Amino acid sequence: MGKRVLYVGGLSDSVSDCNLRDLFSTFGLVAQAHVVRHKHSAKSAGYGFVEMASGEQALEAVVALEGTQYDGTCLRLYVTSYLSS
């Protein structure tokens with residue numbers, strides 16, 4: 001199974017790309033983590049994307065983190081796509 005890209009919603013304004021990478025790295029290799037920011041204010045848009053090295057790691061992260069509290073907010077996760085390895 002190839003890499004998986006996860007949508008991560010419910011992020012607080014203070015969460016950075018590094019925070020997101022650290023959160024997901026407990027479930028495996030994070031190929032990329034990105035918090036989407038508003039163009040003019042650079043404030044977090046409240047969501048981001050994480051690319052995990054394997055589908056198994058991505059699914060493990062979704063099962064473990066969906067609905068949990070992180071930095072004062074409730075996380076919402078789902079798989080957005082597969083990427084061939």
Side-chain angles (χ1 to χ4, degrees):
M1 192 181 303
K3 297 177 185 176
R4 291 211 178 184
V5 177
L6 304 175
Y7 164 87
V8 184
L11 297 175
S12 71
D13 288 346
S14 63
V15 175
S16 68
D17 294 353
C18 290
N19 296 141
L20 201 56
R21 177 181 296 278
D22 290 346
L23 176 64
F24 281 82
S25 66
T26 59
F27 302 99
L29 180 64
V30 176
Q32 189 175 58
H34 175 69
V35 175
V36 175
R37 302 203 171 273
H38 293 290
K39 183 177 181 177
H40 298 291
S41 68
K43 286 181 125 182
S44 169
Y47 68 97
F49 297 94
V50 175
E51 179 184 342
M52 300 294 293
S54 78
E56 292 81 13
Q57 293 171 357
L59 290 176
E60 182 182 344
V62 169
V63 168
L65 295 174
E66 172 61 34
T68 62
Q69 291 286 317
Y70 181 70
D71 198 35
T73 61
C74 183
L75 296 178
R76 299 180 319 272
L77 289 89
Y78 64 86
V79 177
T80 62
S81 66
Y82 292 93
L83 299 174
S84 60
S85 357

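Source: prediction; values computed, not measured.
To the nearest 0.5 angstrom, H38 atom NE2 is 7.0 Å from S44 atom OG. The line from NE2 of H34 to CD of E51 is 13.0 Å long, rounded to the nearest 0.5 Å. Summarising the geometry, atom OG belonging to S16 is positioned 7.5 Å from atom CZ belonging to R37; distances are rounded to the nearest 0.5 Å. Going from atom CZ of R21 over to atom CD of Q32 covers 7.5 Å, rounded to the nearest 0.5 Å.
The closest donor-acceptor contact from the side chain of Q57 to the backbone of L29 lies under 3.5 Å. No donor-acceptor pair under 3.5 Å is formed between the side chain of T80 and the backbone N or O of Y7.
Taking the side chain as every heavy atom from C-beta outward, F49 and V35 never approach each other to under 4.5 Å. With contacts defined as side-chain heavy-atom distances shorter than 4.5 Å, the pair L6/V62 qualifies.
Following chains of ILVMFWY side-chain contacts shorter than 4.5 Å, one can reach Y78 starting from Y47, so the two form part of one hydrophobic cluster.
For residues 13-33, no pair satisfies ring pair (Phe, Tyr, Trp, His ring centres under 6.0 Å), with sequence neighbours left out. Applying the side chain to side chain donor-acceptor pair (under 3.5 Å) test to every pair with at least one member in residues 61-72, sequence neighbours left out, gives these pairs: S12-D71, S14-D71.
Among V15, L75, V30, L11, the one residue that satisfies the side chain to side chain contact (heavy atoms under 4.5 Å, CB included) test with L23 is L75.
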Handout entry: From CA spacing to verdict: side-chain contact (heavy atoms from CB on, under 4.5 Å), L59, V79
Key = CA-CA 8 Å; L59 290 176; V79 177; 4.3 Å; yes
